[in-house]
Amino acid sequence: MYYLAASITACVSLSACSSSPTSSSTPSNNSETAIVQTQAAAQEVQLSEIITSHAAAFPTCVANLQTRARREGLSEETINNTVASLQFVPKVIELDQAQPEFSQTFTNYFTKRATDWRVNEGRRLLKKHRVLLEQLAQQYGVPPQYILSFWGLETNYGSYKGKMSVLDSLATLACEPRRSDYFTSELMQALKLKEKYGFDKRTMVGSWAGAMGHTQFMPSAYAKYAIDGDGDGKADLWNSTEDALTSAANFLQHLGWQRNERWGREVLLPSNFGYEHLGAKQAQPLSQWVAQSVLQTNGLPLPAIDLKAALYLPSGHTGPAFLGYENFNVIMRWNRSEFYAITVGHLADRINGGEPLKVTPPDQPRLSRELIKQLQTKLNESGFDVGKPDGVLGRNSTAGIQAFQRSNNMIADGFPSPEVFTALGISL
């Protein structure tokens with residue numbers, strides 16, 4: 001996970017940000033091995049130089065942060081003691097600079113998160129916190145199972161909230177030029193939280209990018225949406241389950257959660273489905289999906305209700321299909337990942353007594369950024385404009401793949417399947 005815009009940020013699944021890049025496939029000969037090793041060595045040297053440069057500039061940056069803190073109205077005690085003692089954290093730069101060499105498959109992502117343990121633990125905690133959760137559902141309109149699902153995905157229900165100093169991590173990123181403004185603002189918010197609630201710097205721990213507590217809020221989200229749920233006069237998202245769950249419900253309400261509506265659902269597509277409308281930009285009224293013979297997983301027709309829904313195929317046409325409603329979009333405002341939103345919704349359904357997926361996500365190869373660049377290059381050369389090859393599968397690439405598939409009488413699901421690579425003359 002990554003951070004969102006400061007106005008609506010709850011940094012979600014930031015454990016993903018701290019994952020090490022996946023090793024590349026074994027080269028086929030000694031020459032390729034040497035190239036890979038040379039590239040890796042060059043990257044290590046470049047990262048070392050970046051870290052050395054940032055470390056050297058850090059004291060001057062801290063002095064500037066003290067000036068900024070003074071302008072923000074922070075106390076001289078905080079400025080002279082806390083800000084002045086902020087530490088540079090090389091690991092933060094290392095993680096911030098890291099780019100995954102391979103794409104994540106839906107199967108890998110989903111099966112590691114929507115686990116039986118999380119389902120069973122969620123059901124146990126639903127019973128334990130039922131009174132509080134039902135009160136939150138009444139006040140904020142967010143059903144208990146969704147609050148639990150976010151909690152489970154963020155920190156394993158509070159069992160792992162991160163171990164890195166939030167203030168040091170934010171200061172390190174604030175002194176990194178690329179996103180200095182954003183992280184400087186987050187640092188100032190974190191310092192204000194420390195002053196407001198009397199938090200100890202040593203206990204303000206979280207992810208490498210500054211997300212905090214049971215629900216991994218960034219400081220700006222903490223400042224705007226954290227609630228004192230247990231009535232002790234302090235909104236403490238590290239140590240108070242009541243505060244954390246109440247804050248999550250409050251945050252979701254402000255993101256636009258639709259009361260009495262579900263997130264979406266897994267659906268079954270007919271064998272002659274046309275795949276004309278895929279993704280968030282091509283949502284349709286539910287009645288249109290009904291007209292295309294899209295069914296619930298129990299084989300019954302979709303409900304005849306006035307909702308817009310978008311179709312998502314995270315594994316292509318051979319995997320499960322999902323319709324996402326407006327609350328799917330709300331989940332995406334928490335974390336801009338379709339994989340995350342589907343997993344939150346499904347885990348919530350399971351916690352609430354629902355069944356596992358009807359269609360098992362298939363095993364699929366992880367694609368390297370280099371392979372995706374080759375795919376994008378070939379699509380461009382074939383007349384299907386996907387923009388500059390960057391190794392990232394976005395909407396343009398999906399649209400290009402879909403157009404290519406249609407022109408070659410393939411199932412046009414927009415998914416980079418092995419068949420697409422073969423048709424473009426690319427070896428996997």
Side-chain angles (χ1 to χ4, degrees), residues 102-111 264-286 288-297 302 308-325 328-329 332 337-343 345-346 357-368 371-380 382-387 389 391-426 428:
F102 285 83
S103 64
Q104 174 103 282
T105 68
F106 176 70
T107 301
N108 181 265
Y109 183 97
F110 180 85
T111 55
R265 63 174 75 239
E266 184 188 6
V267 294
L268 301 178
L269 306 179
S271 58
N272 63 346
F273 191 72
Y275 301 94
E276 288 89 359
H277 301 279
L278 293 177
K281 295 293 185 181
Q282 300 193 55
Q284 299 185 120
L286 209 51
Q288 293 297 315
W289 298 112
V290 172
Q292 294 175 64
S293 301
V294 177
L295 301 174
Q296 298 183 58
T297 53
L302 292 166
K308 269 202 162 185
L311 178 64
Y312 298 94
L313 302 173
S315 304
H317 73 278
T318 63
F322 303 91
L323 286 181
Y325 305 151
F328 184 92
N329 299 329
M332 290 278 289
S337 161
E338 292 175 7
F339 288 6
Y340 181 86
I342 290 168
T343 306
H346 178 73
L357 291 179
K358 184 76 171 180
V359 177
T360 302
D363 287 331
Q364 293 168 324
R366 298 178 69 192
L367 302 175
S368 70
L371 270 175
I372 296 171
K373 283 183 181 180
Q374 291 181 39
L375 171 69
Q376 293 166 329
T377 299
K378 285 285 189 179
L379 286 170
N380 284 334
S382 301
F384 304 95
D385 183 17
V386 299
V392 178
L393 286 167
R395 288 197 182 103
N396 289 341
S397 295
T398 298
I401 292 170
Q402 199 172 17
F404 173 80
Q405 289 169 324
R406 285 200 181 97
S407 72
N408 286 271
N409 297 315
M410 304 168 73
I411 294 177
D413 60 3
F415 189 76
S417 64
E419 292 76 16
V420 169
F421 281 90
T422 298
L424 285 166
I426 303 172
L428 289 176

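Counting heavy atoms from C-beta outward, Phe273 and Val294 have side chains that approach closer than 4.5 Å. Counting heavy atoms from C-beta on, the side chains of Thr297 and Val267 never come closer than 4.5 Å. Looking only at side-chain heavy atoms (C-beta outward), Asp363 and Thr105 stay at 4.5 Å or farther from each other. Counting heavy atoms from C-beta outward, Phe421 and Leu367 have side chains that approach closer than 4.5 Å. Put simply, the side chain of Trp289 reaches to within 4.5 Å of the side chain of Leu323, judged on heavy atoms. Residues Asp385 and Asn380 meet the side-chain proximity criterion, which asks for heavy atoms closer than 4.5 Å. Using a 4.5 Å heavy-atom threshold, the side chains of Val386 and Leu375 count as separate.
Between the OG1 atom of Thr343 and the CZ atom of Phe106 there is a distance of 5.0 Å, given to the nearest 0.5 Å. Here Ile426 contributes atom CD1 and Gln374 contributes atom CD; the two are 5.5 Å apart, rounded to the nearest 0.5 Å. Atoms CD and NZ, from Gln282 and Lys308 in turn, are 11.0 Å apart once rounded to the nearest 0.5 Å. Going from atom CG of Asn396 over to atom CZ of Phe384 covers 14.5 Å, rounded to the nearest 0.5 Å. Distance check: Phe339 CZ to Asn108 CG gives 9.5 Å after rounding to the nearest 0.5 Å. Glu419 contributes atom CD, which lies 8.5 Å from atom OG1 of Thr318 (distance to the nearest 0.5 angstrom).
Judged purely by atom type and a 3.5 angstrom limit, Gln284 has no side-chain atom pairing as donor or acceptor with the backbone of His277. Looking at Gln405, its side chain does come within 3.5 Å of a backbone N or O of Asp413 through a donor-acceptor pair. Under the 3.5 Å distance criterion, the side-chain polar atoms of Asn408 are matched with a main-chain donor or acceptor of Phe404. Looking only at distances, no side-chain donor or acceptor of Glu338 sits under 3.5 Å from a matching main-chain atom of Gly279. A donor-acceptor pair under 3.5 Å links the side-chain atoms of Arg366 to the main chain of Ser103, judged by distance alone.
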Take Tyr325 and Arg265 through the test side chain to side chain contact (heavy atoms under 4.5 Å, CB included) and record every step on the way to the result.
-> CA-CA 8 Å; Tyr325 305 151; Arg265 63 174 75 239; 3.1 Å; yes
Any chance you could lay out the side chain to side chain contact (heavy atoms under 4.5 Å, CB included) test for Gln296 and Leu302, step after step, and finish with the verdict?
-> CA-CA 6 Å; Gln296 298 183 58; Leu302 292 166; 4.0 Å; yes
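Aromatic ring centres of Phe322 and Tyr312: separated by at least 6.0 Å. You'll find the ring centres of Phe110 and His346 inside the 6.0 Å limit.
Between Gln376 and Ser397, the side chains place a donor N or O and an acceptor N or O closer than 3.5 Å (distance only, hydrogens not considered).
The two atoms that bring Met410 and Ala423 nearest to each other are SD-CB, 4.4 Å, heavy atoms only. Taking both residues in full, the closest heavy atoms of Ile342 and Pro314 are given as CD1-CG, 3.9 Å, listed atom of the first, atom of the second, then distance. Contact record, Pro320 with Leu357: CG-CD1, 4.2 Å, taken as the closest heavy-atom pair. Of all heavy-atom pairs between Gln292 and Pro270, the closest is O-CG, 3.3 Å. Between Pro416 and Leu393 the shortest heavy-atom distance is CG-CD1, 3.6 Å. The nearest pair of heavy atoms linking Thr107 to Ser315 is OG1-OG, 4.3 Å.
Within a 6.0 Å sphere centred on CZ of Arg395, other residues, nucleotides and ligands contribute 12 heavy atoms or fewer.
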